[in-house]
Amino acid sequence: MKVKMCGMRRKEDIAYANEVKPDAVGYIFFPKSKRYVTGQQAKEFDQDLDQDILSVGVFVNETIEKVIEIVNQVPLDVIQLHGDEDHNYIEQLKQQTDKEIWKVVRVKDTNDIKEAEKLPVDKLLLDTFTEEKDMYGGTGKVMNYNLIPKEGISKPFFIAGGLHSNNIKEIIKKVHPYGIDISSGIETDGYKDLKKMKEIMQITGGRHE
């Protein structure tokens, strides 16, 4: 079970990640997010990050030029697209980078997942759909996992949205994802909480599974 801990924005967050060792951490480059960081901040954080932990950059409807600039600046291991990026956008991006690309699907119905499977990306990340304007994830609401196609999903997929230590075991057992992506579920009062991060790693088995 892969674990990505998203929304790193303080030196302490990186120190906590180095201690609990998730598979990946995420930096959010979406200015409207409360967990937004600049490329320069992420670069400084990343210099302190354990080399075994993947650095994932989260982008929302960003220009390809800006994505590539930040990928090289930090540097990032993975590009996570969290907006309305389509097949054409992804193909153009792939021409300019060999980094892994993950695409977030805000799941309204089963067809959303089936359409996303056709995209030229390495992995999918299933998140809760919300009608709110400019809300691209981070809602803390749990997705309806009954929308996952009965035949499964052809690409490796993460699950996100409303995950925390009290529901994660049950959800994993039901859905069997490749990994989980967690942010608010490892925070207290909006900041990363080492105790909660440790709990998640213990429940999922982390990289020791």
Side-chain angles (χ1 to χ4, degrees), residues 1-50 53-62 66-67 70-71 73-83 100-106 123-130 132 134-143 158-168 171 177 179-201 203-204 206:
M1 171 65 53
K2 302 290 183 185
V3 178
K4 173 180 169 247
M5 295 184 168
C6 205
M8 301 285 144
R9 57 185 173 126
R10 303 177 302 161
K11 288 267 188 190
E12 299 95 304
D13 300 343
I14 300 300
Y16 297 165
N18 287 341
E19 185 172 338
V20 303
K21 293 195 172 22
D23 298 276
V25 297
Y27 303 116
I28 297 176
F29 301 110
F30 180 47
K32 291 183 179 177
S33 169
K34 63 185 179 187
R35 301 181 185 92
Y36 168 69
V37 294
T38 64
Q40 182 58 36
Q41 285 174 304
K43 178 181 180 175
E44 289 167 15
F45 294 152
D46 212 60
Q47 285 166 352
D48 295 334
L49 184 69
D50 187 311
I53 301 172
L54 292 175
S55 301
V56 181
V58 179
F59 299 92
V60 180
N61 301 331
E62 187 55 85
K66 186 69 176 172
V67 172
I70 292 175
V71 164
Q73 181 182 15
V74 178
L76 298 171
D77 299 302
V78 178
I79 298 166
Q80 180 176 314
L81 302 175
H82 214 303
E100 259 202 35
I101 299 174
W102 301 355
K103 180 70 181 87
V104 175
V105 192
R106 297 190 302 285
K123 295 179 178 69
L124 297 177
L125 196 149
L126 309 184
D127 200 0
T128 316
F129 177 81
T130 175
E132 292 172 59
D134 290 335
M135 277 300 284
Y136 291 93
T139 61
K141 293 176 183 156
V142 177
M143 183 193 137
F158 286 81
I159 54 171
L163 301 177
H164 53 74
S165 57
N166 295 327
N167 67 4
I168 216 159
I171 291 171
I180 62 157
D181 185 354
I182 189 164
S183 186
S184 58
I186 47 170
E187 292 180 345
T188 298
D189 299 326
Y191 293 98
K192 295 291 179 274
D193 181 320
L194 179 59
K195 181 169 172 282
K196 289 182 178 178
M197 290 165 81
K198 284 179 175 174
E199 280 176 3
I200 292 300
M201 294 307 287
I203 292 166
T204 58

Residue pair [X] / [Y]: nearest heavy atoms and the distance that separates them:
| X | Y | result |
| --- | --- | --- |
| Pro22 | Met201 | CA-CE, 3.7 Å |
| Val60 | Gly83 | CG1-CA, 4.0 Å |
| Lys11 | Asp48 | NZ-OD2, 2.9 Å |
| Lys198 | Val20 | CG-CG1, 3.6 Å |
| Val37 | Phe29 | O-CD2, 3.3 Å |
| Lys4 | Gly26 | CE-CA, 3.9 Å |

Suppose we screen for salt bridge (charged side-chain N to carboxylate O under 4.0 Å, His left out). Which residues come up paired with [X], at least two apart in sequence or across chains?
| X | value |
| --- | --- |
| Asp77 | none |
| Lys123 | Glu100 |
| Glu44 | none |

Only one of Ile180, Ile200, Thr204 passes side-chain contact (heavy atoms from CB on, under 4.5 Å) with Leu163, and that residue is Ile180
Residues in side-chain hydrogen bond (donor to acceptor under 3.5 Å, both in side chains) contact with [X], at least two apart in sequence or another chain:
| X | value |
| --- | --- |
| Thr188 | Asp193, Lys196 |
| Ser55 | Asp46 |
| Glu62 | none |

From [X] atom [atom1] to [Y] atom [atom2], the distance as rounded to the nearest 0.5 Å:
| X | Y | atom1 | atom2 | result |
| --- | --- | --- | --- | --- |
| Ile70 | Lys43 | CD1 | NZ | 12.5 Å |
| Trp102 | Ile79 | CH2 | CD1 | 11.5 Å |
| His82 | Ser33 | NE2 | OG | 9.0 Å |
| Gln73 | Gln40 | CD | CD | 5.5 Å |
| Ile186 | Lys195 | CD1 | NZ | 14.0 Å |
| Gln80 | Ile101 | CD | CD1 | 12.0 Å |

Check the pair Glu187, Arg35 against salt bridge (Lys or Arg N to Asp or Glu O under 4.0 Å), reporting the backbone distance first and the verdict last. CA-CA 12 Å; Glu187 292 180 345; Arg35 301 181 185 92; 2.9 Å; yes
With side chains defined as the heavy atoms from C-beta onward, is the minimum distance between Arg10 and Tyr191 less than 4.5 Å?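 A side-chain contact under 4.5 Å exists here.
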Decide yes or no for Val142 and Ile171: does some side-chain heavy atom of the first lie under 4.5 Å from some side-chain heavy atom of the second? yes
Please list, chain by chain and in numerical order, all residues satisfying ring-ring contact (aromatic ring centres under 6.0 Å, His included) with Phe45, sequence neighbours excluded. none
Taking side chain to side chain contact (heavy atoms under 4.5 Å, CB included) as the test, write out the residues that go with Asn18, two or more places apart.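 Result, side chain to side chain contact (heavy atoms under 4.5 Å, CB included) vs Asn18: Ile14, Leu49, Asp50, Ile53.
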Restricting to side chain to side chain contact (heavy atoms under 4.5 Å, CB included), what partner residues turn up for Ala160, sequence neighbours left out? Leu125, Asp127, Asp181
Is there a donor-acceptor pair under 3.5 Å between the side chain of Lys192 and the backbone N or O of Ser184? no
